[in-house]
There are 2 protein chains.
Amino acid sequence: MSFSTKGEYGVRLMAQLARRFGDGPASLTDVAEEEGLPRAYLEQLVISLRDADLVQSTRGAHGGYELTRAPETIVMGEVLRALEGPIAPMICASDDPNHMACSRSGHCMVNFMWVRVRDAIAGALDSMTLADLVPPAVRMHPDFPATPVTIAD
Amino acid sequence: MSFSTKGEYGVRLMAQLARRFGDGPASLTDVAEEEGLPRAYLEQLVISLRDADLVQSTRGAHGGYELTRAPETIVMGEVLRALEGPIAPMICASDDPNHMACSRSGHCMVNFMWVRVRDAIAGALDSMTLADLVPPAVRMHPDFPATPVTIAD
DNA sequence: CTCATATCCGACGGTTTTGGTCGGAATTGC
DNA sequence: GCAATTCCGACCAAAACCGTCGGATATGAG
């Protein structure tokens with residue numbers, strides 16, 4: 001009944017990047033310091049986020065990471081899935097609709113329950129975006145809310 | 001983003017007890033065999049369930065465990081909480097409304113997200129009872145549905 | 001060119017949790 | 001007394017988790 005700290009740290013990292021959105025790449029050193037998290041560990045986490053195309057990296061001096069899309073367009077479900085894999089409270093309750101894994105006689109309705117729980121979690125997560133985690137007051141770039149949600153591919 | 005097998009096994013154990021409700025105590029040996037689970041391990045789990053007053057035990061020969069209340073009155077939230085502790089997707093999101101644990105400057109809205117997720121899980125869990133997991137066809141005792149939800153005392 | 005700053009990447013290690021076993025004591029019906 | 005059970009604590013192996021370390025690579029600035 002819990003997410004790993006991988007999830008927590010990753011979300012905090014993303015929240016920082018959302019806050020700095022529009023200011024160019026932010027180094028992990030900065031983020032780690034401000035958030036009070038171990039930099040070396042964030043390095044690991046951010047790889048998953050990059051592989052999921054949620055952030056993009058710029059190498060070399062003055063490099064760092066930045067969001068690939070506006071915070072308003074990034075739902076938290078994406079973030080958590082990138083960090084922790086598919087949302088399945090139980091192995092038995094993966095995203096496959098014809099699960100059939102539970103071969104117990106036929107009185108095994110427990111699977112049904114896990115699916116309901118999974119949908120509840122996914123629903124909650126997908127109803128929030130990164131922007132919801134960043135109060136407008138602490139945004140770095142004032143122009144940022146002006147950016148309409150036109151994701152020019 | 002997952003429950004432990006403690007949760008899964010415990011729920012299946014409870015489902016079995018629900019199925020046999022009204023037949024007197026059921027031994028763990030029986031349940032374990034029918035469900036294909038290690039008996040010695042179930043012994044551990046059932047202790048939590050007993051401490052939470054969800055099942056009661058009868059020691060000695062022909063003893064075993066049985067539900068203390070009718071399956072319809074036992075919500076799954078209770079079961080999971082008994083097995084896995086409080087439902088908190090993150091340490092930060094415990095049941096205390098004035099959490100204040102997150103002392104990060106003030107731009108830390110992430111906590112808010114975990115609370116939403118927790119509520120979603122709890123909501124889903126508390127909207128189902130043990131009886132929902134047991135199709136009427138496989139009930140052991142036909143009288144069982146006749147028992148109205150009058151929890152005497 | 002050199003240097004400082006970054007990402008990138010694989011390996012490693014320690015602690016904790018998980019999933020489960022074992023042996024035996026206590027209890028009770030027959 | 002005997003067999004069936006709960007009860008309980010100790011123990012254990014494997015995996016996951018959290019995090020470190022060292023170094024390779026890339027790049028902008030002076």
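Residue numbers start from 1 in every chain, and the chains themselves are labelled A, B, ... in the order their sequence lines are given, proteins ahead of strands.
- A:Thr58 comes within 4.0 angstrom of the backbone, heavy atoms only, and of no base.
- By the rule that hydrophobic residues join a cluster once side-chain heavy atoms approach within less than 4.5 Å of another member, A:Leu125 and B:Phe112 end up as members of one cluster.
- Residues A:Leu83 and A:Tyr41 share a hydrophobic cluster, clusters being chains of Ile/Leu/Val/Met/Phe/Trp/Tyr side chains in contact below 4.5 Å.
- Residue contacts shown for B:Leu28 are limited to sugar-phosphate atoms, with no base heavy atom under 4.0 Å away.
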* **Where protein sits on nucleotides 10-21 of chain C, one letter per nucleotide: B base, S sugar-phosphate only, - none, heavy atoms under 4.0 Å** => -B-------BBB
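- Bounding nucleotides for the chain B contact on DNA chain D, 5' to 3', at a heavy-atom distance below 4.0 Å, are D:dA4 to D:dC8.
- Along DNA chain C, the nucleotide nearest A:Arg50 and the nucleotide nearest A:Gly63 are compared for position; the residue whose nucleotide lies closer to the 5' end is A:Gly63.
- Rounding to whole angstrom units, CG of residue A:Leu13 and C1' of C:dT7 are separated by 14 Å.
- Partners of B:Glu78 according to the side chain to side chain donor-acceptor pair (under 3.5 Å) rule, which considers only residues two or more places apart in sequence or in another chain, are B:Arg69.
- Within the structure, salt bridge (charged side-chain N to carboxylate O under 4.0 Å, His left out) pairs that include any residue of residues 55-65 of chain B do not occur (at least two apart or interchain).
- For B:Asp53, there are no side chain to side chain donor-acceptor pair (under 3.5 Å) partners, not counting sequence neighbours.
- Across all their heavy atoms, B:Pro38 and B:Tyr9 have their closest contact at CD-CE2, 4.4 Å.
- The aromatic rings of A:Trp114 and B:Phe3 are tilted relative to each other, their planes meeting at an angle between 30° and 60°.
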* Asked: Along nucleotides 25-30 of chain C, 5' to 3', which nucleotides get a B, which get an S, and which get a -, given that the test is a protein heavy-atom distance under 4.0 Å?
  -> -BBBSS
